[in-house]
Participant: 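What follows is a structure written as structure tokens; I'll ask about it next.
Quick note on labels: first sequence line is chain A, next is B, and so on, each numbered from 1. Side-chain atoms are counted along with the backbone in the values below, which use heavy atoms only and exclude waters and symmetry mates. Everything quoted here is computed from the prediction, not taken from an experiment.
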Amino acid sequence: MKPPAIVLTAPGTNRQNDAAFALEQAGAAPVCIDLLDLPGRRGEIERAKLIVIAGGFSHGDALGSGRVFALEAERLLGDLLPEKVSQGTPILGVCNGFQMLVRSGMLPGALQHNERGHFECRWVSLQPSSQLCIWTRGLEQPVRCPVAHGEGRYAAGTAVLDQLRSGDRIAFRYAADDYPANPNGSVHAIAGVCDPTGLVLGMMPHPENHVTGRQGRAIVLPEGWGSALPLFRNGVDAARQS
Amino acid sequence: MKDTPPSTSEPSFTKVIKPCGAHRNRALTRQAGQLGFAGVSLRASDIFFLRGETDTANLRIIVPRLLDDAQGEATRLEVGTTTVPAGRLVIEVARRAGVTDRVAAQLAESAARSGCRIEAATGSRFEMTGAGELPEKDLRFLVHNLLCNPVIETWSFGEVQPGFTFVPTEESSTVEIVPLCALPPEGLARVNHERALALDPEEMEAVAQWFTAEGREPTDAELETIAQTWSDHCSHKTFAARIETDQGEVAPLLRQLRETTRAMNAPFVISAFDGNAGIVAFADGVRLAIKAETHNHPSAIEPFGGANTGVGGVIRDVLAAPARPVALTDILCFGPRELDHHNLPDGVLHPAVIEEGVVEGVADYGNKMGVPTVAGAVLYDAGYTANPLVFCGCVGEVLQGYDKLSGPQPGDRVLVVGGATGRDGIRGATFSSMTMDATTGEVAGASVQIGDPIIERLVADLLVELLDRPDPLVRALTDCGAGGLSSAVGELGEATGVSVDLITVDRKYAGLQPWEVWLSEAQERMVLAVAPAQTAAVLERARHLGLSACDVGEFTGDRRLLVRHGTKPVVDLPMEFLHQGRPVRRLRAILPSPDRRPDTRRREADIPTTLLALLAHPNIASKEAVIHRYDHEVLGATVIRPMAGNDQSGPSDGTVIAPPHRPSGFALGIGVNARYGLYDPEHMAHAVVDEAMRNVTASGADPAQTALLDNFSWGDPRRPETLGDLVATVRGCCAAAQLYGAPFVSGKDSLNNEYVASDGTRRSIPPTLVITALAHVPEADRSIGTALRAAGHALVLTGRTTREFGGSHFNLVRGEESGTVPAPDPSAPARYRRIHALVREGLVESAHDVSEGGLAVTLAEMVIGGRLGVEATLEEPDPCSALFSESLGRIVLEVRQEDVPRILQSLGDEAVVIGRVVADYQLRLGTHAWSGAALERAWRGNAG
């Protein structure tokens, strides 16, 4: 049976269909639910085996990226997301979803304006670097996919960075420290981090935009290399076991 | 947050100061340097003005919860007067009341959710150092170009007054009567000028005559409605005009384009030159809507807002098709970036400032809508300094309900959904039809709208919900663009008649005059015709998404446009007069006589430096600094992207979009070359159609299944020479469409792109035609890029090269004027079809067309994209022509060695092997060689 998955959105989210497509490719059965549909559709989230918080510009990022999304999720869902994690449900926050998870305190650190001061869309190479994170566990080759954000520079204090490092919680690093490989100036080239359980991954790049050979056809040689589909398969495998 | 001691006097508001951070300060300081103010350094903060329940307890909730950032600099509270740090100049800026401000609205809303009722307004503070010696005039230039746009913001040295909720003048339902009937011609001219109606004298005469016959005078709103409906922007009266030339009368330009399309009878054209967008169907079950618009004048006076709403407007055109938007294009023309600000015409923003604002405006709207911006061009010419051009295009997938749109039926309701109506953007259609001058920024301030892409995102979601079904809940729809409700309602009700009550229109704030509600160009609004039985459901769905939605009237059946404000009549006009009453414009054109004599002069140039100079020319140089600011990946359907190669280091020709679940897709190609237009407008049209066709062919699309879009940006057509160029260009467009078998399906003209400086001199833009090609890609998996793929492959040049330097970039970098514009190539269409067949056989590894700068630039770009090398022979007797001529119809193909015989067999003597791909990162042309790094340095400049 395909594990039921939720793609959670807020007004202004725009990559929900991309995320749903990637989940389908990986063997899940996704549906999109917007915060506006709550509380009516809360039950579907309660029953979900996997949750993706999709990218975009929730509420126009009017008070800073992901902030209103996080506040509204807290108002409408209460502690449901942390409860899902304690039940073993894998959660992936991509881009604005990562920003939302950071604003809501489910992941540490902050996502600041890109060093260059503006939105940046380009393909990057990601080095998977955590065996704790259920999403990156066992990934052997780098993942290639695009970034598309203006506020993605990962920042954290030294104590948090030490915890992340010692706890094997840095899930992805950009291929190098400098621009453009590290497109936003993130500290230690961090592209994604996970929570202490390894279930919750937040990342700025968009793995959902490289799950077929054709999506990378003109940009990746050899063709098909660096697909992010194994990441989603990991998530779906974990969802099956939860 | 740090509290400053409370001031003794009672403050009317509290300020929260939030430093923007180093990224912003660096950018501002860099931009100041670019404008010629090298020693100036800037520090920026956001200001949030709060009033209402702003006691300490509430602020202790609001500030940390809604404004503070983890890891960011701390916010500061200021109550009362600003303290100016010594040695610094402090400038504060506040957004004007009534201008769209999503941040302020969100702040108030989120504060209310946290139990604090406040009002909010936003602004900025800039602390400037190193400006001590600047004269006041320079300082003001810097403020107006970098820190603030007075069109939407107020500013002052030191403390600024915030623009809280719009404080209206008296709530009013005044309907003014404008006496016209007894006026002599000069009186009519005065009314025309005072009310900025932008009508021709004959049109004013026709209006006065009509009202005289009716035995009454017009209301203000009636006059404005007529002016909007009859504007060049809305009625295309130049393209519908009778034009007398020295060679006799020519058919109206729009009719020529339509007739050309009709005569071609292409099976894939579903709808051409009708409604909001052209519609084509290449693959089974997929119909595509396409449209491109310009937003030139608004972008000249408020670059961000102008470009932002240009994108928003064209997306609404496609939504109205109705279609789901899937790709955006943008073609931008600016003055030279390095222009000394002392040489700027009065009241004109610096080209670098316009470019920055426009690019940010395009990026902001497309990125937030979640529609990829995938194709475009950026051109520079001194002619665009006072009048930049911003072409925005959109492609959408037509919704299922398209076939069931019956048009409004008498009794149907008129619904307005999306954003609420405010005083923004009044008179946009007439403004865009006027020539600009030094005071335009002041008087046309209200013509600028600020967009809210998130609202449009939700409007798109709503329309998909209502219309992507076999039984759509909407009978007809159109967008509110230029002219606002007056155009949209007038257009939708043309066949039936319509009656609306302005009191029922949702307003952003009170105090609007009836005519302002009627004319407002507030953004993100659509007008729907909905059967009474469905009205409640449609309103409910719109409101569920948080959109404004109101029922403002009904479609009648009496073929009149009836507008009331409560019981007060505002407009009462028969549709026939409004839509058919405009006298046909009569214009005179002097046709150009271009020099097309064969060019007998062999060019000599230093080849190594010439190539580098071409690569470094702003028109040819890398556009990556712009491209990477657009999300070109959202929707996951981008196959060939605007940058090519493993490192996204090279330029692409066309772009290919194909949803990941579908085998086929479409390609977009853009052709534009205003320089050719200066010398030979008719051949320019051929050349840019050819360029658009080359681009889609070179990316793997089928040139036999391609539709075209025309966008003309021109000067004042009442000048016979300017109109003559336009007539010649349209002739070229029609001939080229026939030659390539590619019909035009939609188009748009933006005329009067001129600026009158305060000394009376007129500046017109170069005649600028943009052609967009939308082509079928039958197998997206066979799409090809421009970057070299592998060492050992052969390079084949297809097409013929002759000596054609007129309007070339070779001439431009050498300061020459001579030569002829590249001539049409009648053999190109058949050759492109053969190339496509080779692509379908899987025989083409990469392909890149030859355009500005000629073959040498093409090969250099393939090298840069692939980070591989090229070794090519150069045995020509005339190397400059071989390398730098811009003859049409040429594409370079990269093919496997073993396939060369098959390629040559197919293309015959129109193809020649010119060299091979090598592993070393370099370009070698005969005895000349450049390292890849040197090519890249020239082409990328400071982009990296």
Participant: Could you tell me whether the side chain of A/Arg217 and the main chain of B/Asp781 form a donor-acceptor pair under 3.5 Å?
Facilitator: yes

Participant: Rounded to the nearest 0.5 Å, how far does SG of A/Cys121 lie from CG of B/Asn367?
Facilitator: 8.0 Å

Participant: Counting only N and O atoms by type, is there a donor-acceptor contact under 3.5 Å from the side chain of B/Glu633 to the main-chain atoms of A/Asn209?
Facilitator: no

Participant: Quick one: what part of B/Pro659 sits under 4.5 Å from any heavy atom of chain A, side chain, backbone, both or neither?
Facilitator: backbone

Participant: Measuring from A/Glu74:CD to B/Arg113:CZ, what's the distance to the nearest 0.5 Å?
Facilitator: 13.0 Å

Participant: Look at the side chain of A/Asp18 and the backbone N and O of B/Leu635, then say whether any donor-acceptor pair between them is shorter than 3.5 Å.
Facilitator: yes

Participant: Using the salt bridge (Lys or Arg N to Asp or Glu O under 4.0 Å) criterion, which residues pair with B/Glu355? Sequence neighbours excluded.
Facilitator: B/Arg337

Participant: Within this structure, what is the CZ-OG distance for the pair A/Arg67 and B/Ser110, rounded to the nearest 0.5 Å?
Facilitator: 9.0 Å

Participant: Under a 4.5 Å heavy-atom cut-off, does chain A meet the side chain of B/Leu458, its backbone, both or neither?
Facilitator: side chain

Participant: Go through the atoms of A/Gln16 and report whether side chain, backbone, both or neither lie under 4.5 Å from a heavy atom of chain B.
Facilitator: neither

Participant: Would B/Asp631 and A/Arg122 pass as an ion pair if we require N to O under 4.0 Å?
Facilitator: no

Participant: Measure B/Leu545 against the heavy atoms of chain A and call it side chain, backbone, both or neither at under 4.5 Å.
Facilitator: both

Participant: For B/Lys368, is there any backbone N or O sitting under 3.5 Å from a side-chain donor or acceptor partner on A/Asp61?
Facilitator: no

Participant: List the residues meeting salt bridge (Lys or Arg N to Asp or Glu O under 4.0 Å) with B/Lys18, not counting sequence neighbours, and say none if there are none.
Facilitator: B/Asp69

Participant: Could you check whether any side-chain N or O of B/His23 sits under 3.5 Å from a backbone N or O of A/His113, counting only pairs where one atom can act as donor and the other as acceptor?
Facilitator: no

Participant: Over all heavy atoms of both residues, which pair between A/Phe119 and B/Arg629 is shortest? Give the atoms and the distance, please.
Facilitator: CD2-O, 3.3 Å

Participant: Is B/Arg26 reaching over with its side chain to a backbone N or O of A/Glu115, donor-acceptor style, under 3.5 angstrom?
Facilitator: yes

Participant: Pick one of side chain, backbone, both or neither for A/Leu63, based on which atoms fall under 4.5 Å of a heavy atom in chain B.
Facilitator: both

Participant: Can you say whether A/Thr13 sits under 4.5 Å from chain B via the side chain, the backbone, both, or neither, judging by heavy atoms?
Facilitator: backbone

Participant: Within this structure, what is the CZ-CD1 distance for the pair B/Arg641 and A/Ile219, rounded to the nearest 0.5 Å?
Facilitator: 4.5 Å

